[in-house]
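Only one structure is covered here, and it is reproduced in the block below.
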Amino acid sequence: MKLLVTGGAGFIGSNFIRHVLNTSPDDEIVNLDKLTYAGNLDNLREIAENPATASRYRFVRGDICDAGAVDEVLAGCDAIVNFAAETHVDRSIVGAKEFLLTDIVGTYVLLEAARTHQVSRYVQVSTDEVYGSVSTGSATEEWPLAPSSPYSASKAGGDMQLLASFVTYGTPAMITRGSNTYGPYQYPEKVIPLFVTNALEGKKLPLYGEGINVRDWLHVLDHCAGIDTVLRRGTPGEIYNVGGGNERQNREVAAGILRHLGLGDDMIERVADRPGHDMRYSIDSGKLKALGWNPARDFEQGLAETIDWYRENESWWKKIKHHTDEFANWEKRWYEERR
Ligand code: NAD
Ligand code: DAU
């Protein structure tokens, strides 16, 4: 298969590209990425430099909202996997316009191109946040959508475009709804890499509110395997939840990070809560498991390995945190008013 992967320079997309090139030796990938603050070609350096993978991989800088750019890169591709999105809930609270553009309009542009080029598969990488807070039980794919943040509302808008395109035009498109993902190469604004890199720098861990909100943690390689399963074995028009089965309160995750690094809970700093903060996410992944997928990684071990990865790859995250103003400006803008 020749795949168009969009947003492949980000966290999950870059792990997915590495996963596919290593596990499907006949597949080729074109990676279309706008390189926003979250896009980082360092994530794929060894793929682009290793002859075994470089011959099957091409990077193109471009915006999924640009129909001309999408049309050009899609020529000759069999399938699309769309990771491209604005992804940080806190940033969507500060300003949602880019979220609406990329996550809704960008999805529409990709769906139109998928029709024109008659691609055989399209996977939209979505999120469990579209179900909103789940107070009891676990959301199945049939649960009503109740997004709470501008981010999750935008992702839900993309999902709706996709389902409408399937019903109206028969576009062979599928949706994955993944839970909170962690692992190597995650931009350090998200809670696990933020807490780990702060701890490594001797800085406090800013925990929102009481720290009792629950997230279901999924290792990035398990997430990638789930998306790959849907790409190859999913049914068009269907939605598949991809959950890690590791529900933890944020304060437990913070304590686990500090314990692994031999630091005490005094490193935790309580800060003002995120507005509209969903209390709990929980999804039922039985439908994807029926296709043969299962998350393979234990959370405590995956977290320990992830912490070690950030410890051993300081230059990767220090470049993001300290070599440009982008991260520092965000940290100042968001956290100063929460203290
Ligand atoms: P990320 O923020 O690390 O990366 C997003 C990538 O998309 C970046 O490389 C960025 O440059 C690119 N991009 C943004 N706007 C673009 C545009 N208009 N055109 C082309 N490229 C653009 O995100 P991530 O955490 O890797 O998430 C990837 C996808 O998975 C997203 O769709 C997100 O909603 C979904 N998701 C993420 C998680 C999670 O916990 N991280 C969980 C479930 C679902
Ligand atoms: O559930 C899937 C979603 O997970 C994805 O769709 C999103 O793209 C991804 O960013 C993530 O959203 P969250 O808002 O859950 O992730 P975040 O890492 O921002 O926060 C995780 C939890 O940690 C959440 O309850 C808020 C809390 N938190 C976060 C930050 C950044 C803190 O307590 N302090 C912080 O500084």
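Counting convention: from 1, in listed order, for ligands and their atoms alike.
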* Report the C-alpha separation of Glu210 and Asp273 in whole Å, then their side-chain angles, then the decisive distance to 0.1 Å, and conclude whether the side-chain contact (heavy atoms from CB on, under 4.5 Å) test is met. => CA-CA 8 Å; Glu210 300 293 306; Asp273 209 349; over 6 Å; no
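Annotation: atom 26 (C) of ligand 2 to nearest protein heavy atom, His277 NE2, 3.4 Å. Nearest protein heavy-atom contact of atom 35 (C) of ligand 2 is Tyr208 CZ, 3.3 Å. At the top of the distance list for atom 20 (O) of ligand 2, counting protein heavy atoms only, stands Arg274 NH2, 3.7 Å. Here the heavy atom of the protein found nearest to atom 16 (O) of ligand 2 is Asn180 ND2, 3.5 Å. Protein heavy atom nearest atom 6 (O) of ligand 2, with residue, atom name and distance: Tyr151 OH, 2.5 Å. Closest protein heavy atom to atom 18 (O) of ligand 2: Val191 N, 2.8 Å. The closest protein non-hydrogen atom to atom 3 (C) of ligand 2 is Glu129 OE2, 3.0 Å. The nearest heavy-atom contact from the protein to atom 8 (O) of ligand 2 is Thr87 O, 2.9 Å.
Side-chain contact between Leu261 and Phe195 is absent, with no heavy atoms from C-beta onward closer than 4.5 Å.
Aromatic ring centroids of Tyr182 and His219 lie under 6.0 Å apart. Aromatic rings of Tyr187 and Phe11 (six-membered ring for Trp) have centroids beyond the 6.0 Å cut-off, not under it.
Close approach of ligand 2 to Glu189 is summarised as follows: ligand atoms under 4.0 Å from at least one heavy atom of the residue are 31 (C). Atoms of ligand 2 lying under 4.0 Å from any heavy atom of Thr127, numbered from 1 in the order shown and given with element: 1 (O), 2 (C), 3 (C), 5 (C), 6 (O). Residue Leu194 approaches ligand 2 through these ligand atoms, each under 4.0 Å from one of its heavy atoms: 36 (O). Residue Asp128 approaches ligand 2 through these ligand atoms, each under 4.0 Å from one of its heavy atoms: 1 (O), 2 (C). Every atom of ligand 2 with a heavy atom of His88 under 4.0 Å away is listed here by number and element: 19 (O). In summary, the atoms of ligand 2 found under 4.0 Å from a heavy atom of Leu207, numbered by their order in the structure, are 33 (O).
For Ser120, the side chain to side chain contact (heavy atoms under 4.5 Å, CB included) test picks out Asp78, with sequence neighbours left out. With sequence neighbours excluded, no residue forms a side chain to side chain donor-acceptor pair (under 3.5 Å) with Thr102.
Ionic pairing of Glu305 and Arg297 is not present here: no N-O contact between side-chain nitrogen and carboxylate oxygen is shorter than 4.0 angstrom. Of the charged side-chain nitrogens involved, none lies within less than 4.0 Å of a carboxylate oxygen, so that Glu142 and Arg177 do not count as a salt-bridged pair. A salt bridge does not link Lys321 with Glu331: none of the charged nitrogens is closer than 4.0 Å to a carboxylate oxygen. Residues Glu247 and Arg280 are paired through a salt bridge, judged by an N-O separation under 4.0 Å between the basic side chain and the carboxylate. The pair Asp27-Arg232 counts as a salt bridge, with a side-chain nitrogen and a carboxylate oxygen less than 4.0 angstrom apart.
Between Tyr335 and ligand 2, at least one N/O pair is under 3.5 Å apart.
For Ile192, no heavy-atom contact with ligand 2 is shorter than 4.0 Å. Only the side chain of Arg215 comes within 4.0 Å of ligand 2, judged by heavy-atom distances.
Hydrophobic clustering of Ile, Leu, Val, Met, Phe, Trp and Tyr side chains at less than 4.5 Å, counting indirect connections, unites Phe327 with Val271.
Across Ile29, Leu21, Leu44, a single residue satisfies side-chain contact (heavy atoms from CB on, under 4.5 Å) together with Thr53, and that is Leu21. Each of Leu303, Ile192, Thr181 was scored for a side-chain contact (heavy atoms from CB on, under 4.5 Å) with Trp217, with one residue passing: Ile192.
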For ligand 1, find each of its N or O atoms that sits under 3.5 Å from a protein N or O atom, and tabulate the pairs with distances to one decimal place.
| residue | atom | partner | partner atom | Å |
| --- | --- | --- | --- | --- |
| ligand 1 | 2 (O) | Thr87 | OG1 | 2.7 |
| ligand 1 | 3 (O) | Phe11 | N | 3.0 |
| ligand 1 | 9 (O) | Gly10 | N | 3.0 |
| ligand 1 | 9 (O) | Asp33 | OD1 | 3.3 |
| ligand 1 | 9 (O) | Asp33 | OD2 | 2.6 |
| ligand 1 | 11 (O) | Asp33 | OD1 | 2.6 |
| ligand 1 | 11 (O) | Leu35 | N | 3.4 |
| ligand 1 | 11 (O) | Thr36 | N | 3.0 |
| ligand 1 | 11 (O) | Thr36 | OG1 | 3.1 |
| ligand 1 | 18 (N) | Asp63 | OD1 | 2.8 |
| ligand 1 | 18 (N) | Thr102 | OG1 | 3.0 |
| ligand 1 | 19 (N) | Ile64 | N | 3.0 |
| ligand 1 | 21 (N) | Lys34 | N | 3.1 |
| ligand 1 | 26 (O) | Phe11 | N | 3.3 |
| ligand 1 | 26 (O) | Ile12 | N | 2.8 |
| ligand 1 | 32 (O) | Phe83 | O | 3.1 |
| ligand 1 | 32 (O) | Val125 | O | 3.3 |
| ligand 1 | 32 (O) | Lys155 | NZ | 2.7 |
| ligand 1 | 34 (O) | Tyr151 | OH | 2.7 |
| ligand 1 | 34 (O) | Lys155 | NZ | 3.1 |
| ligand 1 | 40 (O) | Thr181 | N | 3.0 |

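Other members of the hydrophobic cluster containing Leu100, listed by chain and number, are Ile104; membership follows side-chain contacts under 4.5 Å among ILVMFWY residues, whether direct or relayed.
Between the choices Ile268, Asp273, Asn250, the shortest heavy-atom distance to atom 22 (C) of ligand 2 belongs to Asn250.
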